[in-house]
Amino acid sequence: LHLTDEEFRVEGDLVVVGGGFGEGSVTLVDVSDVSAPVVLSRIDGIGQVGDVEVQGGLLFITTDPALDPDTTVTVMVWDISNPSLPLPVSAIRPEDDTAHTLSWGGDLLFLASASYARESAWSFADPLQPVRVGSWSPPPPATVHDQVWHEGLLYVAYVTGFGIVDVTEPATPVTLAAQEAGWEDPFVHNLAVTEDGAVLAMSEERLGGGLRVWDVANPAAPVQVGEYVTSDSHSIHNVGVRGSVAFCTWFVEGLLALD
């Protein structure tokens, strides 16, 4: 099974793979037998996919105008309750919002919009009529790049630092921390948080950039407690956390698992 992939999500025995231009922009794969994955369906010709998310039988797909100026849609919403026959449901358009990445948290979809320099929270209580219910912006001139939600808090990577925001009431988000990087030429790329919410893993995408680890047990006062760099001429891309292990992708080294 050969796919041009940028992002993927796993939902039980279903893997959604998104990435690339044109044909096969999003592929739905049955992995109930991991030795023989089966392509169930494809969503073709939707341009460059930036990110994908799956929640409650719905598939959310970003097509970022900053990456693909021909796109007319920011987020496409598809019904994949039958993954062999995905059906379009609704969309968010660039005049309403843009999205480089997206994350589901609680009962909301969060969009990182570089163009608008903000995080937006969208409700899909009615999937046919999505509604923006709140937004948050980092200190200017920073712009947002990625986010992760955990237990009512949104952790936002905004290139020159990261924010920790209480989004329990999305219409009135409360900034708990706006942590500037404090070193030369930062590029805070993405974030991941441990299950107990005590440790934040941060990837920094630049030459010499690596993994930085922060104690966020007190979300109002983050403290950096560790760093891992492979080379001054190499860069990390993304990090994800499972248990006490950080799974990090490097452009040169590939996948590294760090305790």
Side-chain angles (χ1 to χ4, degrees), residues 1-34 36-68 70-113 115-116 119-135 146-150 154 167 170-171 240:
L1 182 65
H2 299 282
L3 299 171
T4 300
D5 58 357
E6 293 277 350
E7 300 289 341
F8 69 91
R9 290 292 183 272
V10 179
E11 187 83 358
D13 291 333
L14 179 68
V15 176
V16 177
V17 182
F21 285 94
E23 185 177 356
S25 292
V26 172
T27 306
L28 284 73
V29 184
D30 181 348
V31 293
S32 53
D33 181 352
V34 294
V38 176
V39 172
L40 299 175
S41 59
R42 298 179 190 271
I43 301 172
D44 294 332
I46 56 174
Q48 185 176 23
V49 174
D51 204 359
V52 293
E53 184 65 88
V54 176
Q55 179 67 32
L58 296 177
L59 167 62
F60 303 91
I61 306 169
T62 63
T63 51
D64 188 351
L67 299 176
D68 184 0
D70 294 329
T71 187
T72 59
V73 176
T74 294
V75 177
M76 303 177 187
V77 186
W78 291 73
D79 180 346
I80 58 168
S81 54
N82 178 359
S84 297
L85 186 64
L87 299 172
V89 175
S90 59
I92 299 171
R93 301 194 177 277
E95 56 268 27
D96 297 316
D97 225 334
T98 63
H100 182 60
T101 59
L102 46 76
S103 300
W104 189 269
D107 57 358
L108 298 172
L109 186 71
F110 293 93
L111 309 182
S113 170
S115 302
Y116 290 107
E119 278 288 335
S120 295
W122 285 78
S123 170
F124 284 83
D126 179 355
L128 294 174
Q129 295 183 319
V131 177
R132 186 172 60 238
V133 294
S135 63
D146 201 3
Q147 68 288 302
V148 61
W149 181 94
H150 179 73
L154 193 67
V167 290

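Quick note: residue numbers are just sequence positions, from 1.
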Inset, instruction - To the nearest 0.5 Å, tell me how far T101 OG1 sits from D146 CG. - result: 3.5 Å
Inset, instruction - Over all heavy atoms of both residues, which pair between V75 and A99 is shortest? Give the atoms and the distance, please. - result: CG2-CB, 4.3 Å
Inset, instruction - Could I get the full list of side-chain hydrogen bond (donor to acceptor under 3.5 Å, both in side chains) partners for S41, not counting sequence neighbours? - result: none
Inset, instruction - Hey, could you give me the CD/OG distance between Q147 and S120, rounded to the nearest 0.5 Å? - result: 10.0 Å
Inset, instruction - Of all the heavy-atom pairs spanning P86 and I80, show the shortest one and how long it is. - result: CB-CG2, 4.0 Å
Legend entry - D96 side chain reached by T74 side chain, heavy atoms, under 4.5 Å: no
Legend entry - Any pair counted as salt bridge (Lys or Arg N to Asp or Glu O under 4.0 Å), so long as it reaches residues 45-62, sequence neighbours left out: R9-D51, R9-E53
Legend entry - Gap between atom CD of E119 and atom OG of S135 - 0.5 Å precision: 9.5 Å
Inset, instruction - Rounded to the nearest 0.5 Å, what's the gap from OG on S90 to CG on L58? Could you check? - result: 8.0 Å
Inset, instruction - Look at the aromatic rings of F60 and F124 and report parallel, tilted or perpendicular, splitting at 30° and 60°. - result: perpendicular
Inset, instruction - Give a yes or no on whether Q129 atom CD has more than 12 heavy-atom contacts from other residues, nucleotides or ligands under 6.0 Å away. - result: no
Legend entry - Matching residue for L14 among V29, V31, L59, L40 - test: side chain to side chain contact (heavy atoms under 4.5 Å, CB included): L40
Inset, instruction - State which residue, out of L102, V133, I92, fulfils the side chain to side chain contact (heavy atoms under 4.5 Å, CB included) condition with W122. - result: I92
Legend entry - Residues E11, V16; criterion side-chain contact (heavy atoms from CB on, under 4.5 Å); working and verdict: CA-CA 8 Å; E11 187 83 358; V16 177; over 6 Å; no
Legend entry - Summary of salt bridge (Lys or Arg N to Asp or Glu O under 4.0 Å) pairs that have at least one residue in residues 120-132, sequence neighbours excluded: D97-R132
Inset, instruction - Taking ring-ring contact (aromatic ring centres under 6.0 Å, His included) as the test, write out the residues that go with Y116, two or more places apart. - result: none
Inset, instruction - To the nearest 0.5 Å, tell me how far I61 CD1 sits from I46 CD1. - result: 4.0 Å
Inset, instruction - Taking all heavy atoms of S25 and all of G45, pick out the closest pair and write down the distance. - result: OG-N, 3.9 Å
Inset, instruction - Decide yes or no for V49 and E7: does some side-chain heavy atom of the first lie under 4.5 Å from some side-chain heavy atom of the second? - result: no
Legend entry - Atom pair CG (L111) and OG (S103), whose distance is rounded to the nearest 0.5 Å: 9.0 Å
Legend entry - Residues forming a side chain to side chain contact (heavy atoms under 4.5 Å, CB included) with S81, sequence neighbours excluded: D79
Inset, instruction - Return the set of residues passing side chain to side chain contact (heavy atoms under 4.5 Å, CB included) with D107 (not counting sequence neighbours), or none when no residue passes. - result: none
Legend entry - Close side-chain approach of L108 to W149, heavy-atom, < 4.5 Å: no
